[in-house]
Amino acid sequence: MDNVTAVIKGCAKKEHKYQKLVYEHYYGFALKLVFRYIYRYEKAVDVTNDGFVKLFQHFERFIAGGEEDNEKMLMGYIKRIMINCSIDELRRNKMTPEIGGIPDYVWDMSSKEQDADQLLLYKELIILVKNLQPQYRAVFNMYVIDGYNHLEIADIMGIPVGTSKSCLSRARMLLQKNIEKNENAEICNI
Amino acid sequence: MQHIENDMDELFRKAAENYPLKTEAQNWDDIAVALAPASVVNASGKKGKKRYTWFLLLGFLVLASAVSLKIFNNKGQGSYLESIKANTNIENTAPEGSIKQGNSAASIKNAIPENLIAQPDDAKYSIVTGHKIAGQLAFSVKQNVEQGSSENKEVRKNNITRLEKFNAEGPPTNAISEMVPFKNQEDNYIDKLRDVEQKIESLENKKSAVSDSLTKNAGESPKPEKTKLSINKKGFYIGAVVGPEVNQVKGQGFTRPGFSAGILTGYRFTKRLSVETGILYSNKHYFSDGKYFDMSKTGSTMPPNMKVISLNGSSSIFEIPVKLKYDFIAKNESNWFITSGFSSYILTKESNNYLALISGVQQNLNSNYENKRGYFSATFSLSIGNEFKIGNNQTKIRIEPYLQMPLHGIGIGAMPVYSAGLHIGITIPIKK
């Protein structure tokens with residue numbers, strides 16, 4: 001995004017023009033992050049929008065850095081808010097697992113930047129993560145993909161550090177098992 | 001092992017960054033509304049209002065207005081005449097020369113100290129006391145307006161005369177006096193007393209006139225009501241219905257009520273027979289044991305080794321009924337009717353909370369399904385109700401309890417849902 005500093009200043013002054021710019025530019029990034037935590041697509045859209053509302057309502061808490069670092073810091077700030085909103089939503093549902101499958105219309109397989117097989121693989125991997133129980137899913141996402149340590153995870157989720165570690169171990173085991181099962185199924189199909 | 005783990009982590013990190021997700025669902029307008037000041041958001045209307053509360057309120061208003069109209073129409077002139085008669089009865093039982101029996105004379109005496117009435121020229125009179133007397137007199141006269149005793153008329157006249165005399169001659173010279181300027185106030189009291197006296201006389205005249213007319217008309221028979229046109233004219237009509245509904249699966253009991261609301265249209269062939277259709281939106285809530293949930297219909301949406309123990313479900317449905325309506329009691333003002341027919345469903349949304357066993361572990365699971373599914377002739381419906389006319393243009397209010405029995409299951413688990421509810425509605429003929 002061009003002229004990030006001006007945009008940040010505009011958002012701090014709660015100017016809608018700059019808020020809209022930030023929303024449109026980072027919406028895809030935020031939704032893809034939230035969709036890893038939240039099972040249903042429509043709910044993930046709602047949580048993403050709630051996250052942006054919180055971002056703009058409390059934008060004054062964001063501390064900008066130098067011109068070169070501002071965009072990375074803003075993305076980090078958005079990421080933190082989106083993860084917190086996702087965890088809040090999972091807690092609101094008492095970490096109840098959801099089922100029902102992921103409908104095909106949520107996927108965009110038309111990207112020309114990526115190989116179709118690669119896209120398919122990434123899609124399958126994310127579906128495996130989404131099929132984990134909410135607590136395992138959240139810990140796996142936060143530790144492996146979003147780079148939090150167990151202390152931070154325990155603090156955000158309100159669980160002991162030991163629980164965080166056991167959830168991660170269990171998540172990895174289930175993912176490994178499901179990957180092997182899928183590979184065997186593909187071999188059989190061939 | 002660590003090496004494999006690191007590779008797997010890296011793979012998932014790449015997947016998380018590059019997986020193909022549709023991200024066009026952004027809606028800046030919603031964000032802008034949420035960021036607007038609170039007063040603006042409130043003025044634009046709250047979206048969060050529960051629809052069934054609004055529908056229930058609408059149904060209550062329709063019912064209340066219909067009932068009040070019916071009561072008002074049925075009252076006619078009779079109650080007014082009866083109230084006059086009741087008053088006349090009171091008058092007729094009162095002793096001759098008085099309108100109402102009672103201690104009206106005594107009440108005046110009690111309002112004013114006895115010594116002051118008995119001895120108007122008493123030296124104890126004072127300006128202040130006189131003021132008090134005038135006030136008490138005015139109060140007692142006001143009290144006696146309703147009682148209207150002719151006995152009190154004389155007493156009041158005497159009191160007015162005494163006050164006028166008192167006013168003209170002034171207080172007794174040896175009276176205790178306080179320089180309270182009350183002469184003007186006393187004049188006002190006297191004027192007021194005169195006005196009240198006139199009003200009482202006119203009221204008495206009116207009452208005697210009414211009682212005279214009642215005596216004259218007692219022997220006459222009431223005028224026959226105009227013959228009214230039948231409410232069952234042929235032709236098209238249109239209407240709206242709303243009401244609560246309860247649902248259950250195979251007699252397992254009810255959970256929280258849902259609602260049903262929509263529009264209907266019909267054609268009356270004969271005085272008693274009509275056909276109706278329409279479109280209704282209903283919200284159904286039900287509970288079921290897992291044995292009535294058909295796992296074979298779920299396809300790949302459920303984990304293969306999942307066994308449903310029980311579920312709480314809710315569905316949003318558009319219903320298209322087609323039914324015959326027969327008016328088995330058809331009167332000028334109202335009908336009793338029975339309907340029967342079939343309803344087709346379009347299921348738009350289903351939400352289930354399962355208690356399930358997955359690989360031997362019991363757990364709660366949620367699922368939401370938003371794929372639209374159609375069910376032709378999903379239920380057989382039966383109802384019996386009453387409709388009555390309001391106004392002069394064939395507009396009718398109907399109250400219709402109904403039952404719906406499933407002909408096949410609906411939803412992801414093909415569950416047979418029974419429904420019972422109450423429709424309150426209004427229908428208006430469509431003029432050619």
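Within every chain, numbering begins at 1; the chains are lettered A, B, ... in the order of the sequence lines, protein sequences first and strands thereafter. Keep in mind that the numbers below use all heavy atoms, side chains included, and drop hydrogens, waters and symmetry copies.
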Given the options B/L21, B/T23, B/L365, which has more heavy-atom pairs under 4.5 Å with chain A than any of the others?
-> B/L21

Give the minimum heavy-atom separation between [X] and [Y], together with the two atoms involved.
| X | Y | answer |
| --- | --- | --- |
| A/L119 | B/N18 | CD2-O, 3.8 Å |
| B/N364 | A/T96 | O-CG2, 3.4 Å |
| A/Y23 | B/I31 | CE1-CG1, 3.6 Å |
| B/K22 | A/Y41 | O-OH, 2.6 Å |
| A/Q57 | B/A34 | NE2-O, 3.9 Å |

Interatomic distance, B/E17 atom CD to A/L33 atom CG [nearest 0.5 angstrom] = 11.5 Å

For the candidates A/I102, A/V53, A/I126, A/V129, which exhibits the highest count of non-hydrogen atom pairs separated by less than 4.5 Å from chain B?
-> A/I126

List the steps, then state whether side chain to side chain contact (heavy atoms under 4.5 Å, CB included) holds for B/Y354 with A/I99.
-> CA-CA 10 Å; B/Y354 303 99; A/I99 51 172; 3.7 Å; yes

[X], part contacting chain B, at a heavy-atom distance under 4.5 Å:
| X | result |
| --- | --- |
| A/Q19 | both |
| A/F29 | neither |
| A/F35 | both |
| A/R172 | both |

Pull out the residues in residues 42-52 of chain A that come under 4.5 Å of chain B, heavy atom to heavy atom, sorted by number.
-> A/E42, A/V45, A/N49, A/F52

Against chain B, residues from residues 143-158 of chain A with at least one heavy atom under 4.5 Å, in numeric order, are A/V144, A/I145

Counting only heavy atoms not in B/K307, do more than 12 fall under 6.0 Å of its NZ?
-> no

Flag yes if more than 12 heavy atoms outside B/F254 fall under 6.0 Å of its CZ atom; otherwise flag no.
-> yes

With a 4.5 Å cut-off on side-chain heavy atoms, are [Y] and [X] touching?
| X | Y | answer |
| --- | --- | --- |
| A/K14 | B/L35 | no |
| A/L175 | B/F12 | yes |
| A/I179 | B/M8 | yes |

Heavy-atom contact with chain A under 4.5 Å, split by part of B/E10 | neither

Is the NZ or CZ atom of A/K32 positioned over B/Y19's six-membered ring, under 6.0 angstrom from the centre and within 45° of the axis?
-> yes

